Amino acid sequence: MPERRLALVRCKGIMSSNDMSIISYANQNVHELVAYQPGKPIEETARELGLRPEDIVKLASNENSLGPSPRAVEAMSRAACGMHIYPDGASFALRSRLAAEHGVSFANTAVVNGSSELIELLGHAFLRPGAEVIAADYAFTLYPIVARLLGARYISIPNRDKWIHNLDAMLEAVTPETRLIFITNPTNPVGSMVTQQELEHFVARVPEHVVVAIDEAYIEFAGEATDSVRFVKEGRNVVVLRTFSKAYGLAGARCGYAITTPEIADLLNKARSPFNVNAFAQVGALAALDDKEHIARSVQMVTAGRLQYVRFFESLGLEYVPSHTNFILVNVGNGVEVFRKALAQGVIMRPMAAYGLHEYIRITIGNSRENDRCIEVLTEILQK
Ligand SMILES: *Cc1c(COP(=O)(O)O)cnc(C)c1O
């Protein structure tokens with residue numbers, strides 16, 4: 001490093017090197033990261049195309065096109081008048097409610113600023129240089145980001161039948177250095193799922209020194225087909241990750257939670273910042289939990305939309321992955337090109353090149369108007 005700094009000092013005056021020189025002092029794990037790339041925002045797209053935001057269809061981030069529950073909106077509006085007061089740092093009401101909802105005790109819960117924060121907190125709690133993290137191919141890109149940020153080794157295991165977590169192979173990859181295994185169920189960006197039986201078989205054989213993080217961001221769309229909270233009740237080193245961002249339609253509020261053992265919940269609560277979940281998120285999430293009808297309507301919208309896309313893909317003979325989520329992965333030949341062409345028409349989808357899936361795009365299932373528009377634009381692009 002000193003050599004590099006010297007070179008920069010010599011160049012001073014030729015180039016403004018202040019912000020470059022500081023990089024040589026930075027944590028190299030951070031410096032070498034590629035930042036997480038979210039779906040392209042509506043406002044940005046509207047600006048670039050000279051369109052109104054209302055004319056943009058965003059099907060890129062697996063948001064809920066029905067919006068939040070009206071009860072959540074009302075609760076958050078009422079909460080606005082109390083914004084001069086810090087939120088409850090312990091999220092007491094929300095944690096109590098989540099405990100009751102899942103039939104666990106308060107000590108089994110942790111509430112977080114979106115389950116993205118939970119992934120990071122798991123890293124802080126369990127990873128240090130030399131530790132190993134196991135996940136499946138095409139996993140959520142935040143897992144490798146957090147692993148590398150903390151200097152851990154990230155091990156990606158090829159799927160079985162291309163798209164489904166190979167739990168046996170993940171188990172075989174465990175070493176004494178393994179600290180975390182991420183299972184996404186259903187998976188993102190693929191939409192596939194493993195069964196309860198497969199999970200049980202897997203969890204029963206994971207050694208004591210490994211934490212199994214089961215990320216269930218999309219579980220509501222799978223009809224709660226699995227019960228991973230059961231592993232927590234059995235005292236396994238399992239963390240169930242849940243979020244209010246997808247089916248609950250509260251992505252902007254930033255709220256997620258963990259159901260885990262009291263020991264792990266305690267670590268997560270120690271590692272988080274004091275007021276990580278803001279007051280809007282706490283009351284919004286609480287109210288959203290009361291509105292089961294809204295969840296049912298959201299799931300219904302997604303089920304109908306999924307069928308709409310499947311019919312369309314089959315009519316064009318496109319390869320797609322059967323989905324248990326509110327998005328669908330489809331092979332369009334050149335993902336980035338189709339993404340760009342659709343974007344020019346005001347439809348935002350997600351190219352999959354970052355996952356090495358260059359031929360694919362991921363489309364969030366929206367309402368029927370949005371799906372119709374997306375299918376119309378795709379038809380035009382693909383038939384040329
Ligand atoms: C969307 C998503 C999350 C979390 O989202 P938050 O908004 O941070 O709660 C976590 N895991 C997966 C796999 C996701 O797709």
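Quantities reported herein were computed from a predicted structural model and do not represent experimental measurements. Residue numbers run from 1 in the order of the sequence given. Counting starts at 1 for both ligands and their atoms, following the listed order.
Between the side chains of N326 and Y218, no donor N or O sits under 3.5 Å from an acceptor N or O.
When all heavy atoms are compared, the tightest approach of A107 to R95 is CA-NH2, 4.3 Å. Taking all atoms of both residues into account, the shortest heavy-atom contact from L199 to N185 is CD1-ND2, 3.9 Å. Between R179 and A131, the closest heavy-atom pair is CG-CB, 3.9 Å. The shortest heavy-atom contact between T178 and H209 is O-CD2, 3.2 Å.
At a heavy-atom cutoff of 4.0 Å, ligand 1 is surrounded by G114, S115, S116, F140, T184, N188, D215, A217, Y218, T243, S245, K246, R254.
Few gaps surround CZ on F275; more than 12 heavy atoms of other groups in view lie less than 6.0 Å from it.
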